[in-house]
Q: 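Here you go, one structure.
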2 protein chains.
Amino acid sequence: MTYHHGDLRRVLLDTALGLIAERGPNAVSLRDLARAAGVSHAAPAHHFGDKAGLFTAIAVQGQRLLADALAEELDLRRLGATYVRFATEHASHFEIMFRPDLYHRDDPELVAAKARTSDLLRAAIPGDGRDADRRVLAAWSIAHGFATLLRSGNLDHLVGDGDAEAEFAEVAELLDLPGPTPT
Amino acid sequence: MTYHHGDLRRVLLDTALGLIAERGPNAVSLRDLARAAGVSHAAPAHHFGDKAGLFTAIAVQGQRLLADALAEELDLRRLGATYVRFATEHASHFEIMFRPDLYHRDDPELVAAKARTSDLLRAAIPGDGRDADRRVLAAWSIAHGFATLLRSGNLDHLVGDGDAEAEFAEVAELLDLPGPTPT
DNA sequence: ACCCCTTCTTGTCAGTGACAAGATAGCGGC
DNA sequence: GCCGCTATCTTGTCACTGACAAGAAGGGGT
């Protein structure tokens with residue numbers, strides 16, 4: 001229990017997410033993390049190899065969570081809202097996921113998780129020509145842009161506090177996308 | 001010339017932009033910057049006070065450049081393309097501007113520059129009701145999302161190398177926005 | 001000639017990430 | 001019951017970083 005509690009990796013990940021939520025990724029040090037988890041300053045390095053390794057693990061977890069969330073939404077027009085909700089509910093994950101300079105971009109697990117997310121997005125749009133690609137691009141861009149601007153505090157004067165998701169739903173209506181399986 | 005060349009601040013800013021372009025903002029240290037500029041390790045601190053102060057100066061410069069670029073484009077539908085072009089041409093600035101954790105968010109100069117950019121965006125959309133707000137939001141989101149996803153390497157399989165701006169122009173057509181001054 | 005302010009330097013300190021080497025615990029084989 | 005083996009975690013150390021303090025160099029005004 002004391003030396004080998006076997007759960008350290010999970011504890012470290014959870015603790016790291018908490019620290020990131022408080023202070024942002026830049027202000028998190030491996031030593032802070034170790035202190036917060038009550039272990040020695042080199043324990044994190046063993047599990048993640050690197051500081052980038054820690055963030056890689058978080059990015060992988062985030063991609064999987066995002067894919068899971070997207071997989072449950074069938075209506076294309078609501079997919080964007082799901083994306084925005086993910087960005088607010090899993091802010092720490094989202095924060096890391098789109099900062100490739102923080103983690104190991106070519107980690108196999110990460111690449112796989114990312115591919116799954118990307119495939120889900122792609123599959124949500126009917127058709128497979130360049131037009132369909134553009135629709136994927138447009139839908140992803142508007143959702144990602146909204147979520148990112150929101151997180152960086154650039155929309156404070158345009159969007160209220162709790163209703164970000166609802167606000168986005170109305171914004172997304174300006175985008176010309178097909179409804180749910182109109183066949 | 002040697003001791004007081006009076007241009008150090010500008011030189012440091014330019015050098016910093018170069019370093020950021022090479023290695024990203026996280027990998028830039030004040031001491032690297034000082035070395036690259038050929039001055040002592042504390043010289044940057046004098047001009048910018050802080051590491052965050054350096055990034056604040058870059059963010060201010062970026063906001064002004066962006067505002068200038070946007071001010072020259074009258075056609076609303078091309079505003080997004082201008083935004084995307086700015087993000088690729090001034091990648092280092094863009095990178096910093098939307099990382100509030102890196103700089104002093106409440107710097108007066110920064111707030112002013114940001115307000116000018118925001119006003120320009122706002123003024124480009126006719127009307128002033130909630131509908132107009134939503135159009136601003138939609139246009140900004142899709143441009144920002146596209147630019148951000150592009151920069152983070154998430155669109156590599158969807159968008160070619162040099163034609164990002166053209167590709168975005170086509171994507172943006174899916175957005176329902178009024179043409180240039182349809183009065 | 002003097003003062004004063006800005007600009008830049010030298011010196012120093014705690015904190016950080018990475019690495020090396022050692023300690024501890026659990027587990028299978030015999 | 002004991003021996004090794006390996007994964008897990010600790011202790012010790014190093015170069016580097018950001019921040020700060022104190023001082024030197026230059027320039028302008030009077």
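First the proteins, then the strands, lettered A, B, ... as listed; each starts at 1.
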Q: Could you check whether any side-chain heavy atom of A:R105 comes within less than 4.5 Å of a side-chain heavy atom of A:L110, counting everything from C-beta outward?
A: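 The answer is no; the side chains never approach within 4.5 Å.
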Q: Starting the side chain at C-beta, find the nucleotide from C:dT7, C:dT9, D:dT10 nearest to B:V39.
A: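 Within the option list, the nearest is C:dT9.
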Q: Figure out the CZ/P separation between B:F48 and D:dT17, and round it to whole Å.
A: 18 Å
Q: Using the six-membered ring wherever Trp is involved, compare the ring planes of B:Y83 and B:W140 and label them parallel, tilted or perpendicular (cut-offs 30° and 60°).
A: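 Taking B:W140 first and then B:Y83, their aromatic rings stand perpendicular (interplane angle over 60°).
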Q: Quick one: which of C:dG17, D:dT10, D:dT17 gets closest to the side chain of A:S40?
A: D:dT10
Q: If I take atom NZ in residue A:K51 and atom C1' in nucleotide D:dT17, what distance separates them, rounded to the nearest angstrom?
A: 12 Å
Q: Could you check how far NE2 of A:H47 sits from P of D:dT8, rounded to whole Å?
A: 6 Å
Q: Is the distance from OP1 or OP2 of C:dC8 to the nearest side-chain N or O of B:H46 less than 4.0 Å?
A: no
Q: Expressed as a whole number of angstroms, how long is the span from B:R35:CZ to C:dC8:P?
A: 18 Å
Q: In whole angstroms, how far is the C1' atom of C:dT16 from the CG atom of A:D50?
A: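 Spelled out: CG on A:D50 to C1' on C:dT16 is 13 Å.
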Q: Mind checking A:A45 for me? I need base, sugar-phosphate or nothing, with any heavy atom below 4.0 Å counting as a touch.
A: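 Contact class for A:A45: none.
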Q: Any salt bridge linking B:D68 with B:R116? Criterion: basic side-chain nitrogen under 4.0 Å from a carboxylate oxygen.
A: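 B:R116 and B:D68: salt-bridged.
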Q: Heavy-atom contacts under 4.0 Å between residues 20-33 of chain A and DNA chain D, which residues?
A: A:R31
Q: Stepwise, does the side-chain hydrogen bond (donor to acceptor under 3.5 Å, both in side chains) test hold for A:H157 with B:S118?
A: CA-CA 10 Å; A:H157 58 296; B:S118 190; 3.3 Å; yes
Q: Would you call B:P25 and B:L102 a side-chain contact if the rule is heavy atoms closer than 4.5 Å?
A: yes
Q: Once you round it to whole Å, what is the distance between P of D:dC9 and CZ of A:R9?
A: 12 Å
Q: If you take all heavy atoms of B:A132 and B:P126, which pair is closest and at what distance?
A: CB-O, 3.7 Å
Q: Where the side chain of A:H41 is concerned, which of D:dC9, D:dT13, C:dC8 is the nearest nucleotide?
A: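 Closest nucleotide among those given: D:dT13.
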Q: For a quick test of reading the model, state the closest non-hydrogen atom pair linking A:A164 to A:V159 and the distance between them.
A: CA-CG1, 4.1 Å
Q: For A:L8 and D:dC9, give me the distance from atom CG to atom C1', rounded to whole Å.
A: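 A:L8 atom CG is separated from D:dC9 atom C1' by 8 Å.
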Q: A:H104 NE2 to C:dG17 C1': how many Å, rounded?
A: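 My rounded result for the distance is 12 Å.
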